[in-house]
Every structure is written in C-alpha cells, then in structure tokens.
Amino acid sequence: MGELNMEDMPLPSLFEQSRRIHLAATESAVDQDTVRRGIEGLGKCENMISTLGLFSANETKEDISTSNLKYILVPFYLAELMEKVSADDRIPILKASQEKLKEFMSFCEAMELLPKGELETSVPGGSNQMVDRRARKIARFKRQKAAESKLLEIKERKERRGRSTKAAALSTPVEAGEEEMVDDDSEEEREAWLTTISLAICKALDLLEMLQKEEEMLSAIKEKQSKEGEKEFSRAILDERTKTAETWHRNAATRARYTKPAQPITCATFAQDVLEGRANVSDAHEHKHQPLIFGPASLVNGSLTSERDRIAAQVFQPGHRMPTMSIEEAGLKEMQMMQKFQERTAKFMEEANSAWYKERKQPGPVEDEDEDDDAAQERARALDDWKDENPRGAGNKKLTPCG
C-alpha cells in the first residue's frame, strides 16, 4: 500500500482509501503499519462525520441519503482493524474493539437496521437460553448467506450493464459534454449499501461473541500467572515435550531393524514363553495342542509301540473331551469363516442389484383396458334394465294371498 496523505483529504476519498485497507487486511495478511494507517484514516472519518453532523438521533434509515449510508460502516471497519493489531497485552485491544462493535450495533438499532430480537438475552440459567441462542445463530447465518448472494448478484448486474454501456459507447460516438452522470442516489446503489450493512451486522455479532470469549480466556490466564508469581512454566513444558519427542525418535531409529512384522503367534504357551523371555519371536514354533495322554509314568513319556501300550496309557483318561486347537487358532478359523460369509453376501447383493432383477413387467396396451371397461359398462346397464322390468318378488305368485 502506498503512503496516504490524510490531512487535506475529503471525507469520500478518505473513507474509500481506509475501506481498501480494511478489505486488504480482511482478505489477506498485511503488515502492522498498514493496519495502523487504516485505523488512523477511519478515526479521522469518525471525527469528520461527527463534525459535519451527517447523522441525527431523530433519523431512521429512510431519512439517510444513499451517499451517506456507507459512513455507517466506519465503526465496524474500525473494530475489525483494531482487532488485528499485535501487542503484548491484548486485553485492552479486545476491549476497544468490543466498544466499537457495540457502538456500531447501537447506531444500527437506532436507525432501525438491526433485526428485532437480535440483542435480546434470555434469563441466565433459564431452560430456553441455549435454544434461543441457537435459533438466533441459525437465523443470523441465513441472513448472512442471503446478503452475500444479493451483493454478488448486484455486482454481476453492474458488470453486465457496464459492458453493455461500453459496447454502446464504442459503437456510437458521444459528443463532449453529453456523458451521462452516475446517479449516486439510485435504487440499486441504495440496495447495495443496505445489504452491505446487513452483512456487517451479522459479522459484528459473531465477532463480538468471539472477542468476549477471547477476553475471558486471556483474563483467566493472566490471573493464573499472577497467582503463580509469573512463573515461566510454558518454556519448561515445551522443553520437556521436545526432549520426549527426541527420545522417542531415537529409540524408533534403534528399533528400525525389528519393524518387519513377525508371523502371528497362534499358541498361547509359546506366546507366554516369548513374554517371559524363554523364547524369541523369530524362533520357529510348530507347537499345537494335542490330546493329552494320562497313564503310568513309564508309558506317558515313552514310545507307544504296540496296541497294548496305547490302551494301558489311556486307562486314566478324563471324562470330558479335550481341546484339539487353541483359542487363537479357533479365532483365526472364525475370522476366515466370517470373511467367506461376507464375500458370499456381497456376491448375492451384486446379483440382486443386477439389471435382470430390476426389470419390471411392461404395462399392457391401453386399448385392451378400454375395451374391457366398455364391456363391463354394457353388462351393468343390461342388468339394471332387467331389474327394472322384473322387480324383486314378482315371480312368487304362490306366496301372495290371492295367487
């Protein structure tokens, strides 16, 4: 941004340059000197507006001219720029920014620009406090989106009209002195500034709430530091975390050769041996649960070479069936079964969603239905005519007294 000569600058030019600084600070990061120049320019705009007496307490938005509507945004722009100032003690900056936002909203309320019920607060501790707050936030968000869409529509409309005017000017030469003057008090310009003010009100309410929370947090931190005697505990915590991270990375580099995953252990006995240090993960293990053999000590550990020895070893057997696999092996088999079930289910679902399953029966010809309806109507008419000619009970002559 270039240097601003604000001493002898008129109010419209001063406001436009300050507004450009605010737009640049909002859309991207700018240096602190530019932010301070924008604050200085908006402060001078406030003094000039007060000196000229552009607004009165007895006026409403309908009484303000279109050329002066934009100056209502000066406190809002000033509050947003003040919030971006960097300082060691941020609490005074937050308070000053909040004062400007409250001033902006109070003036909008006096000018009947603030929606009704926006500044109403529920009773603290009431049951409907959170519900009302949420409803106001939703309504505010909808108004903000509507205002942004409307401003974009007005901008596109102006661009189209500008291109049309430029094309007409190129096709038809205009004599000197015949240029059309821009009407600042047009309905479109007034609508654009009112929509901009409505959008600024939504942003100001959200910004005020955010600044209040930030002030509460900073005040709590400052109070805690004052109670602890201004101890610089944050630096010690950061050093400790850095040391812990470096140690972890150093140990991870040492363990890098063991990063290759080992085969899953499917035997609980071998896993216990690994945990207690009696075996290594890399050792080959074919340990499986075999049926235990109970019997004389001379036969259990020996070789069963004959049928007699095998029968003698099975004399003292338990009354229940012994396990043939470990819990880990049973879990792996169950996982395999579940995987097969999922694959089969996916296949069935794919077949169910195929084209031949979704085909529907085509409706029959309309002419056949019309012919069936006509035949049914003819039969109904013939039955009605027969009922008229033959009333109920007309043929029962023997049941009548004179029959």
Side-chain angles (χ1 to χ4, degrees), residues 61-62 112-118 120 122 126-164 167-168 186-188 190-192 194-195 198-199 201-202 205-206 330-403:
K61 62 181 179 180
E62 304 298 336
E112 299 180 358
L113 292 168
L114 194 68
K116 293 183 180 180
E118 187 63 51
E120 293 180 0
S122 303
S127 59
N128 296 329
Q129 183 178 6
M130 298 301 296
V131 178
D132 297 340
R133 183 178 178 183
R134 181 175 181 274
R136 285 197 299 271
K137 279 194 172 183
I138 293 174
R140 189 187 310 159
F141 178 77
K142 291 181 179 180
R143 288 199 305 272
Q144 182 175 349
K145 291 301 179 182
E148 291 175 353
S149 302
K150 196 170 186 180
L151 286 176
L152 183 61
E153 180 184 353
I154 293 174
K155 182 180 178 180
E156 293 176 352
R157 196 189 311 160
K158 285 184 177 180
E159 291 177 354
R160 288 196 300 268
R161 187 169 58 250
R163 289 193 295 267
S164 302
S186 63
E187 291 297 330
E188 187 179 55
R190 188 176 186 85
E191 182 183 12
L194 289 175
T195 307
S198 177
L199 179 61
I201 290 173
C202 298
L205 291 170
D206 293 335
L332 291 176
K333 286 186 177 296
E334 188 173 355
M335 288 178 60
Q336 293 175 0
M337 292 171 60
M338 182 57 68
Q339 185 176 4
K340 291 181 180 179
F341 173 75
Q342 290 178 352
E343 292 176 356
R344 188 164 57 252
T345 304
K347 183 178 179 181
F348 290 160
M349 292 298 295
E350 184 178 358
E351 292 178 357
N353 294 328
S354 58
W356 65 268
Y357 184 79
K358 293 183 177 180
E359 290 180 355
R360 294 291 185 268
K361 184 177 179 180
Q362 297 296 333
V366 182
E367 293 78 12
D368 297 341
E369 294 180 1
D370 295 337
E371 292 177 2
D372 294 342
D373 294 339
D374 295 338
Q377 291 179 2
E378 290 294 331
R379 288 194 298 270
R381 291 195 186 106
L383 182 60
D384 291 338
D385 295 338
W386 185 86
K387 287 182 178 180
D388 293 337
E389 297 174 358
N390 301 278
R392 184 178 179 83
N396 299 330
K397 298 298 184 180
K398 293 183 179 180
L399 299 180
T400 56
C402 301

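Since we're looking at a predicted model, the values are computed, not measured.
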Inset, instruction - Taking atom CD of Gln377 as the centre, report whether more than 12 heavy atoms of other residues, nucleotides or ligands fall under 6.0 Å from it. - result: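 Atom CD in Gln377 is crowded, with more than 12 foreign heavy atoms closer than 6.0 Å.
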Who pairs with [X] by side chain to side chain contact (heavy atoms under 4.5 Å, CB included), at least two apart in sequence or on another chain?
X	result
Glu159	Lys155, Arg163
Gln336	none
Leu199	Gln144, Ala147, Glu148, Leu151, Lys203
Arg134	Ile138

Legend entry - Results of salt bridge (Lys or Arg N to Asp or Glu O under 4.0 Å) for Lys158 - residues two or more places apart only: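 Lys158: salt bridge (Lys or Arg N to Asp or Glu O under 4.0 Å) contacts with Glu189.
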Inset, instruction - With sequence neighbours excluded, tell me which residues meet salt bridge (Lys or Arg N to Asp or Glu O under 4.0 Å) with Glu153. - result: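 Applying salt bridge (Lys or Arg N to Asp or Glu O under 4.0 Å) to Glu153 gives Arg157.
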Legend entry - Which atom of Lys150 lies closest to which atom of Glu191, heavy atoms considered: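 Closest heavy-atom pair between Lys150 and Glu191: CE-OE2, 2.6 Å.
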Legend entry - Passing option when Met338 is tested against Met335, Gln342, Lys340 for side-chain contact (heavy atoms from CB on, under 4.5 Å):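 Checked Met335, Gln342, Lys340 against Met338; only one passes side-chain contact (heavy atoms from CB on, under 4.5 Å): Gln342.
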Inset, instruction - Would you check if the side chain of Ser198 reaches a backbone N or O of Leu194 as a donor-acceptor pair within less than 3.5 Å? - result: no
Which donor-acceptor pairs under 3.5 Å do side chains of residues 380-391 form with protein atoms, sequence neighbours excluded?
from: Arg381; atom 1: NH1; to: Glu378; atom 2: OE2; distance (Å): 3.3
from: Asn390; atom 1: ND2; to: Trp386; atom 2: O; distance (Å): 3.1

Legend entry - Gap between atom NZ of Lys137 and atom CG of Asp206 - 0.5 Å precision: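 Atom-to-atom, Asp206:CG and Lys137:NZ are 7.0 Å apart.
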